[in-house]
**Student:** 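This is the structure I want to talk about, given as structure tokens.
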Amino acid sequence: MRDGYGRRIEYLRISVTDKCNLRCLYCMPHDIRSLPMKEILTYEEIAAIAETAASLGITRIKITGGEPLVRRDVCRLIGMLKKIPGIKQVTLTTNGVLLKEHLEGLMAVGIDGINISIDTADPKRYERITGSDTLGAVLEGLTEALRYHIPVRVNAVSLDPAFFAETEAEHDPLKEAAALIELARERPIDVRFIELMPIGAGKSFPGIPHDVLIPLLLKRFPALARDEKKHGNGPAVYYRMPGYQGSIGFISAVHGMFCDSCNRIRLTAQGYLKSCLCYDTGIDLKEILRSSLPEPEKNRALAAGMEKAILCKPKAHSFAKQENISEKHAMSAIGG
Ligand code: SAM
Ligand code: SF4
């Protein structure tokens, strides 16, 4: 369906847990308390919402978290979603730590693609960011996923290396980006840089704005040329590097201001349907699902609630004005 500004909403991100096996500094504060399991939607409840969403025109679903692979039997949910009429694609975003051991299960239920979050190719810096010495396991998972011929993309939040640097030489933001771009040289994967958004701990963390990073990268790699090929339906802008198998993408969530073409809504692990990352506007679908309404009425209420949330989707984010950001949750609770 279309929202109040005529945008076609066809993409739903579903967070299946607020728990995570990493503690990325800009995403998940160390002292964060996870929700009791009874507050989290069951797989059956998620599937009921996804069915209603499909009836309203949602065709693609991304499973996220927290870390989705820490929730028990997440492949069962993916299998349930894949069977919903109208749902054409179910993909996953993961930190990749547990990916290798889940690949067979993910293949068996027909996963359509996997995004792996890797913010740095430097193991020491990776540990500093995530609190975990697991870059090797993540890269193994990536290599193994390619062996299964699953479409893979790498997402890297553009962090300011000055925060981690111990010497002047380590301040160079291009060194970090260049090492990540290397991942696309001999692998058919897109490496995408994501602008840090001022949500949760991201508010007080130093990122590199893309209006700074992109010109620097284009100067350093003059061979980078715009790639007009369609890479999905998201807002990334792509470039190609001659001789590289994958492309380089930029998701400039703050400076890009691509709200005019926004096509997505988000379901938190607690069952709150959010219409924009920046604000807390939306609807509590868990309340409807767990109400005492008889089944047909419950389904009607679910559809009506979702329609209303979509119609009231805000026109644009307001990341430039922190006082306007009403979203107070950590990104790990929302799903990114
Ligand atoms: N744990 C999974 C992962 O890391 O991919 C899924 C959840 S995580 C919240 C989804 C994505 O959001 C990750 O790529 C993460 O880097 C990104 N993210 C978290 N906080 C962010 C922020 N403040 N700005 C931009 N991206 C952020
Ligand atoms: Fe966990 Fe993903 Fe957040 Fe890192 S970005 S703390 S992996 S949810």
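This one's a predicted model, so the numbers in the text were calculated from it and none came from an experiment. Counting starts at 1 for both ligands and their atoms, following the listed order.
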**Student:** Does Cys24 come within less than 4.0 Å of ligand 1, judged by its heavy atoms?
**Tutor:**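 Cys24: no contact with ligand 1 (<4.0 Å).
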**Student:** May I ask you to identify the nearest protein heavy atom to atom 17 (C) of ligand 1, giving residue, atom name and distance to one decimal place in Å?
**Tutor:**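 The answer is Val157 CG2, 4.2 Å.
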**Student:** Under a 4.0 Å N-O cut-off, is there an ion pair linking Glu44 with Arg76?
**Tutor:**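 The answer is yes: the pair qualifies as a salt bridge.
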**Student:** Students should be able to answer this: which protein heavy-atom is nearest to atom 1 (N) of ligand 1, and at what distance?
**Tutor:**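 Result for atom 1 (N) of ligand 1: Gly66 O, 3.0 Å.
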**Student:** State yes or no: do Ile46 and Ile87 share one hydrophobic cluster built from I, L, V, M, F, W and Y residues joined by side-chain heavy-atom distances below 4.5 Å, directly or via other members?
**Tutor:**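 Result: yes, single cluster for both.
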**Student:** Provide, to 0.1 Å, the distance between atom 3 (Fe) of ligand 2 and the closest protein heavy atom, together with that atom's residue and name.
**Tutor:**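 Heavy-atom neighbour on the protein nearest atom 3 (Fe) of ligand 2: Cys27 SG, 2.4 Å.
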**Student:** For side-chain hydrogen bond (donor to acceptor under 3.5 Å, both in side chains), just list the numbers for Ser247 and Asp227, CA-CA rounded to whole Å, side-chain angles, deciding distance to a tenth of an Å, and then say yes or no.
**Tutor:** CA-CA 8 Å; Ser247 292; Asp227 177 2; 2.8 Å; yes
**Student:** Starting from atom 12 (O) of ligand 1, what is the nearest protein heavy atom, named by residue and atom, and what distance separates them?
**Tutor:**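 Answer, as residue, atom name and distance: Gly336 CA, 3.8 Å.
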**Student:** Could you see which bit of Leu196 sits under 4.0 Å from ligand 1, with heavy atoms only: side chain, backbone, both or neither?
**Tutor:**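 Both backbone and side chain.
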**Student:** Could you go through Glu10 and Asn263, starting from their C-alpha distance and side-chain angles, then the distance that decides it, and tell me whether this counts as side-chain hydrogen bond (donor to acceptor under 3.5 Å, both in side chains)?
**Tutor:** CA-CA 6 Å; Glu10 44 88 31; Asn263 58 359; 2.8 Å; yes
**Student:** Do me a favour and list the nearest non-hydrogen protein atom to atom 24 (N) of ligand 1 with residue, atom name and distance?
**Tutor:**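 Checked against all protein heavy atoms, atom 24 (N) of ligand 1 sits closest to Met197 N, 2.8 Å.
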**Student:** Among all protein non-hydrogen atoms, which one is nearest to atom 1 (Fe) of ligand 2, and what is the separation to 0.1 Å?
**Tutor:**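 Looking at atom 1 (Fe) of ligand 2, the protein heavy atom closest to it is Cys20 SG, 2.3 Å.
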**Student:** Look at atom NE2 of His329 and say whether more than 12 heavy atoms of other residues, nucleotides or ligands are closer to it than 6.0 Å.
**Tutor:**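 It does not: His329 NE2 has 12 such atoms or fewer within range.
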**Student:** Mind checking whether Thr64 has an N or O less than 3.5 Å away from an N or O of ligand 1?
**Tutor:**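 Between Thr64 and ligand 1 (N or O atoms, distance only) the closest approach is not under 3.5 Å.
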**Student:** What is the nearest protein non-hydrogen atom to atom 5 (O) of ligand 1, stated with its residue, atom name and distance?
**Tutor:**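 Going by distance alone, atom 5 (O) of ligand 1 is nearest to Ser117 OG, 2.6 Å.
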**Student:** Determine the minimum heavy-atom distance between Glu39 and Lys286, stating which atoms define it.
**Tutor:**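 Of all heavy-atom pairs spanning Glu39 and Lys286, the closest is O-NZ, 2.9 Å.
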**Student:** Do any nitrogen or oxygen atoms of Ile194 come within less than 3.5 Å of a nitrogen or oxygen of ligand 1?
**Tutor:**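 No, there is no polar N/O contact under 3.5 Å.
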**Student:** Atoms of ligand 2 less than 4.0 Å from Asn95 heavy atoms?
**Tutor:**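 Going through ligand 2 atom by atom, the ones under 4.0 Å from Asn95 are 7 (S).
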**Student:** Please report the closest heavy-atom contact between Ala48 and Leu289, naming both atoms and the distance.
**Tutor:**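 The answer is CB-CD2, 4.2 Å.
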**Student:** May I ask whether Gly65 has any heavy atom positioned less than 4.0 angstrom from an atom of ligand 2?
**Tutor:**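 For ligand 2, residue contact (heavy atoms, under 4.0 Å) with Gly65 is absent.
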**Student:** Quick check: does Thr93 get an N/O under 3.5 Å from an N/O on ligand 1?
**Tutor:**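 So ligand 1 has an N or O lying under 3.5 Å from an N or O of Thr93.
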**Student:** For residues His102 and Glu104, is any side-chain donor paired with an opposing acceptor at under 3.5 Å?
**Tutor:**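 Side-chain D/A pair, His102 to Glu104: absent.
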**Student:** Under 3.5 Å, is there a donor-acceptor pair linking the side chains of Tyr238 and Arg192?
**Tutor:**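 Yes - a donor-acceptor pair under 3.5 Å links their side chains.
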**Student:** Is it the case that ligand 1 has an N or O less than 3.5 angstrom from some N or O of Tyr26?
**Tutor:**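 So ligand 1 has an N or O lying under 3.5 Å from an N or O of Tyr26.
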**Student:** Identify the heavy atoms of Ala301 and Leu293 that sit nearest to each other, and give their distance.
**Tutor:**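 Looking at all heavy atoms of both residues, the closest pair is CB-CD1, 4.0 Å.
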**Student:** Under 2.8 Å from atom 1 (Fe) of ligand 2, can any N, O or S atom of Cys24 be found?
**Tutor:**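 No - counting backbone and side chain alike, Cys24 has no N, O or S atom under 2.8 Å.
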**Student:** Would Arg264 and Tyr11 count as a cation-pi pair here, with the cationic atom under 6.0 angstrom from the ring centre and within 45° of the axis?
**Tutor:**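 That pair does not qualify as a cation-pi contact.
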**Student:** Check this for me, if you would: do Lys100 and Glu144 make a salt bridge, where the nitrogen-to-carboxylate-oxygen distance has to be below 4.0 angstrom?
**Tutor:**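 Salt bridge: no.
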**Student:** At what distance is the nearest protein heavy atom to atom 10 (C) of ligand 1, and which residue and atom is it?
**Tutor:**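 Result for atom 10 (C) of ligand 1: Gly335 O, 3.8 Å.
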**Student:** Between Glu127 and Lys124, is the closest basic N to carboxylate O distance under 4.0 Å?
**Tutor:**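 A salt bridge is absent here (no side-chain N lies under 4.0 Å from a carboxylate O).
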**Student:** Counting each atom of ligand 1 from 1 as listed, which ones have a heavy atom of Glu195 under 4.0 Å away?
**Tutor:**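 Every atom of ligand 1 under 4.0 Å from some heavy atom of Glu195: 25 (C).
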**Student:** Go through ligand 2 atom by atom and flag the ones less than 4.0 Å from a non-hydrogen atom of Met28.
**Tutor:**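 Result: 6 (S).
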**Student:** Counting heavy atoms only, name the option from Lys19, Lys203, Met331 that's nearest to atom 9 (C) of ligand 1.
**Tutor:**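 Minimum heavy-atom distance to atom 9 (C) of ligand 1 goes to Met331.
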**Student:** Can you tell me which portion of Thr94 lies within the under-4.0 Å heavy-atom range of ligand 1? Options are side chain, backbone, both, or neither.
**Tutor:**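 Answer for Thr94: backbone.
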**Student:** Run Thr120 and Glu176 through side-chain hydrogen bond (donor to acceptor under 3.5 Å, both in side chains) and show every step you take.
**Tutor:** CA-CA 6 Å; Thr120 172; Glu176 189 76 81; 2.6 Å; yes
**Student:** Would you mind listing which atoms of ligand 2 come within a distance below 4.0 Å of any non-hydrogen atom of Gly66?
**Tutor:**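 With Gly66 as reference, the close atoms of ligand 2 come out as 8 (S).
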**Student:** Could you list which atoms of ligand 1 come closer than 4.0 Å to a heavy atom of Glu67?
**Tutor:**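 Taking each heavy atom of Glu67 in turn, ligand 1 has 1 (N), 2 (C) under 4.0 Å.
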